[in-house]
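Below is one structure, written out as structure tokens; comments come after it.
In the text below, chain A, chain B and the rest are named by the order of the sequence lines, each starting its count at 1.
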Number of protein chains: 2
Amino acid sequence: MARGSTRPTSRDVAQAAGVSQAAVSLVLGDKWRGRVSETTAERVREAARTLGYRPNLAARNLRLGRTRTVLLVVPALTTEFFAGVYTGATRVAAEHGFGVVLYPSPEGIGPARNPFASAQAALDGVIASSMAADALTAIRGDQLPLVMLDSDPEGSLGAATVNLDIADGIRQVAEHLLSLGHRRFLHLAADVASWTFEVRARELAARLGTVPGTTLRTAHSPISIEGAVTAAEAALAGPGPRPTAVVCDDDQLAAGVYKAARRAGLRVPDDLSVTGLDDLALATAIDPELTTVRLDAERFGERGMRALLAVLEGRAPESGDIPVSLVVRGSTAPPR
Amino acid sequence: MARGSTRPTSRDVAQAAGVSQAAVSLVLGDKWRGRVSETTAERVREAARTLGYRPNLAARNLRLGRTRTVLLVVPALTTEFFAGVYTGATRVAAEHGFGVVLYPSPEGIGPARNPFASAQAALDGVIASSMAADALTAIRGDQLPLVMLDSDPEGSLGAATVNLDIADGIRQVAEHLLSLGHRRFLHLAADVASWTFEVRARELAARLGTVPGTTLRTAHSPISIEGAVTAAEAALAGPGPRPTAVVCDDDQLAAGVYKAARRAGLRVPDDLSVTGLDDLALATAIDPELTTVRLDAERFGERGMRALLAVLEGRAPESGDIPVSLVVRGSTAPPR
DNA sequence: CCGAACAGGTTTTACGTATAACTTCTCCTG
DNA sequence: CAGGAGAAGTTATACGTAAAACCTGTTCGG
């Protein structure tokens, strides 16, 4: 530790161990088999330990030209869903010596700004969830390897995509409600221009369109419980016969519908069946417990990270959507 | 762009603009007043723009010896509370040209491992929430400037601390319930050895201890809705007279109590008053809406970041706890 | 009208690391 | 016993940036 307060460098370790800086790098980088003797190696490790040496990552990154760090762009951290995605991505990343930096897009799930200004980590790649096209173009312009989560495979400018099979989830919801006898539907949709929500609308309309005598109205809401209350209250008070089932784009919206229904004097599920999508902890905290579509967030994150690793290594990413499953609970019943 | 596919460097920009690399650095670093002519500066900026130049952060960090990046260690991202902390910290950071990297401690709110292994960003400082002593010691050993959130001011090894006035929140809860006439209390406590939870227990016991004829039982639960259901069911089925009010360490636990109460055939608030702490969106999604203590997460994050900036600049951080406020809703009523 | 001040740059260097290329010595094999 | 093959290192270099130190020509005050 030559000079007072600065952190020790590999050169300080070398001096303490009586070897060259190169030897330190070899030993600590585990590339010393047949290049340095076991006794010398141990001496180096000992010196590093007593000095409390930790390599300067900026220098290492500069030298290697890569950082083993990837950015995970998520719309929000207000539910545990993206926490799960992060957890899954991190697990796979750690197995390959990578780190994951989170960038919650400040504008929520909508148009994300270019995240690099604020995430000043040097990056090897990006996993992005539900990004707006302009931000996507910005990232692509950076030539960074990119994996898109839940995005239009056709419109992703050649980036790899990893998707949940949301379409199948919505089909299962529709099937379930139809088989209970429902015919008048309200779709409470997220007020966001994002492919994953377009899929919900499209698939629901498609499935219900095959059944004669079915009606489908749509209302839009910001993705929050409070926002959904307002939107659902307005929609339920609308003209014409009241819907008997509300299909929500996510669980938070469904929780809002519960509240709107209570205020309107309606009982779930007797007067109104409600379904969600996500299967958050919230879904079983509300009464009655919510019929919803379970998404495997961690698996989603794992697949996303594996896809990015594949891209980084020039391999083709695994294909195929991630299956989802309907969880039937107490919020759906036959209409009266 | 001399060689094929690599990203352009400042040297490439210099060549394109017909100046030296130093000039590029001066212009783009905004240090060119009186050193480079306006026309040359514009030429450099133009070249940088057309080449799509973005500085290599690893090189910059190495050169400057700092990264303008700080690590925010949080126990979990499963609720919006720490998302708010992050948002607040990021806002202040951005005003000072800093970035914030999130590190959700994998073990939850308990003993955090040393976060540097996985967060491979080079860091200028750390803001850590509810860390275990060993991880704290590890970070201190790294000589990194450190700010602790909601931690024992005495036991933080000299690190600056920023705290919410949880003690006052608990006092307000106790006051509220006492004034409603409650005398038999259950404290549903988080199953975690962390200062912020010790404060809750201590303060509640202290306040109730001043009122004769009051009983206080304590049950412990992991911090999750499901965990709380089990813990609360057991506690409510326990021997002796049933408590009339349950004080929970956070809103998630309160949601679990609702569920346990339903299963036991008890009505909130008629048979059982319940209070939470956090004021999550969840608090108004459940029925009846939860009486709880509102914490200003964003302000918490802002204060944390400001404190770290102060430490980095050698100034003394702002002192004083952040006020909290009781929000009375429908989950508390006089006992029958 | 001389030198100082200044504008407008350029040359050079250092940051700490990883590794390619080189050196030296010893041992073994044909 | 020549010489090739390891073992056990060392020396030198490059990564891209920021900035200190240096250079050259012009202007202007005294």
Please list, for nucleotides 23-27 of chain C, all pairs of protein and nucleotide N/O atoms separated by less than 3.5 Å.
none

request  = Between A/Arg43 and B/Ser10, name the one whose nearest nucleotide on DNA chain D is closer to the 5' end.
outcome  =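 That would be A/Arg43.
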Reckon [X] touches a base, only the sugar-phosphate, or nothing at all at heavy-atom distances under 4.0 Å?
{"X": "A/Leu64", "answer": "sugar-phosphate"}
{"X": "A/Ser20", "answer": "base"}
{"X": "B/Ser37", "answer": "sugar-phosphate"}
{"X": "B/Val19", "answer": "sugar-phosphate"}

ask   = Can you tell which of D/dG16, C/dT12, D/dT11 lies closest to the side chain of A/Ala22?
value =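 Given the options D/dG16, C/dT12, D/dT11, the side chain of A/Ala22 is closest to D/dT11.
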key: Between A/Ser194 and A/Thr196, a side-chain donor and acceptor under 3.5 Å   =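 Side chains of A/Ser194 and A/Thr196: no pair found under 3.5 Å.
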query = Under the side-chain contact (heavy atoms from CB on, under 4.5 Å) test, which residues partner A/Asn163, sequence neighbours left out?
reply =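 side-chain contact (heavy atoms from CB on, under 4.5 Å) list for A/Asn163, sorted by chain: A/Asp150, A/Pro153, A/Thr161, A/Trp195, A/Asp321.
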inquiry  = Heavy-atom nearest nucleotide on DNA chain C for B/Thr40 versus A/Ser25: which residue maps closer to 5'?
reply    =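 Checking each residue's closest nucleotide, the 5'-ward one belongs to B/Thr40.
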query = On DNA chain C, nearest-nucleotide positions of B/Gly18 versus B/Leu62: which is more 5'?
reply =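 Going by which nucleotide is closer to the 5' end, it is B/Gly18.
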Please produce a list of atom pairs where a protein N or O lies less than 3.5 Å from an N or O of nucleotides 21-28 of chain D.
from, atom 1, to, atom 2, distance (Å)
D/dA21, N6, B/Arg35, NH2, 3.4

Atom-to-atom span, [atom1] of [X] to [atom2] of [N] - whole angstrom:
{"X": "A/Leu26", "N": "D/dA8", "atom1": "CG", "atom2": "P", "value": "13 Å"}
{"X": "B/Arg11", "N": "C/dT11", "atom1": "CZ", "atom2": "P", "value": "11 Å"}
{"X": "B/Asn61", "N": "D/dG16", "atom1": "CG", "atom2": "C1'", "value": "11 Å"}
{"X": "A/Trp32", "N": "D/dT10", "atom1": "CH2", "atom2": "P", "value": "15 Å"}
{"X": "B/Arg63", "N": "D/dA20", "atom1": "CZ", "atom2": "C1'", "value": "8 Å"}
{"X": "A/Glu38", "N": "D/dA7", "atom1": "CD", "atom2": "C1'", "value": "14 Å"}
{"X": "A/Gln21", "N": "C/dA20", "atom1": "CD", "atom2": "C1'", "value": "13 Å"}
{"X": "B/Arg66", "N": "D/dT17", "atom1": "CZ", "atom2": "C1'", "value": "13 Å"}

query = Is the closest basic N to carboxylate O distance between A/Glu46 and A/Arg43 below 4.0 Å?
reply =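 Between A/Arg43 and A/Glu46 there is no salt bridge, as every charged N stays at least 4.0 Å from the carboxylate O atoms.
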request  = Answer yes or no: is there an ion pair linking B/Arg45 with B/Glu38, defined by an N-O contact shorter than 4.0 Å?
outcome  =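 Salt bridge: yes.
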Nearest atoms (heavy-atom pairs only) where [X] meets [Y]:
{"X": "A/Ala47", "Y": "A/Thr50", "value": "O-OG1, 3.1 Å"}
{"X": "B/Val100", "Y": "B/Ala93", "value": "CG2-CB, 3.7 Å"}
{"X": "B/Arg68", "Y": "B/His96", "value": "NH1-O, 2.9 Å"}

message = Please identify which of these residues, A/Thr90, A/Leu308, A/Leu312, meets the side chain to side chain contact (heavy atoms under 4.5 Å, CB included) condition with A/Phe98.
response =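 Option passing the side chain to side chain contact (heavy atoms under 4.5 Å, CB included) with A/Phe98: A/Leu312.
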message = For the backbone of A/Ala122 and the side chain of A/Thr67, can you confirm whether one donor and one acceptor N or O come within less than 3.5 Å of each other?
response =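 Judged by distance alone, yes, a pair lies under 3.5 Å.
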message = For B/Ala58, is there any backbone N or O sitting under 3.5 Å from a side-chain donor or acceptor partner on B/Asn61?
response =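 No, because the side chain of B/Asn61 does not come within donor-acceptor range (under 3.5 Å) of the backbone of B/Ala58.
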message = So, OP1 or OP2 of D/dA18: does either fall under 4.0 Å of a side-chain N or O from B/Arg60?
response =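 For D/dA18, OP1 or OP2 has a side-chain N or O of B/Arg60 closer than 4.0 Å.
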query = Hey, does the side chain of B/Lys31 come within less than 4.0 Å of D/dA18's phosphate (OP1/OP2), counting only N and O?
reply =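 No, no such contact exists.
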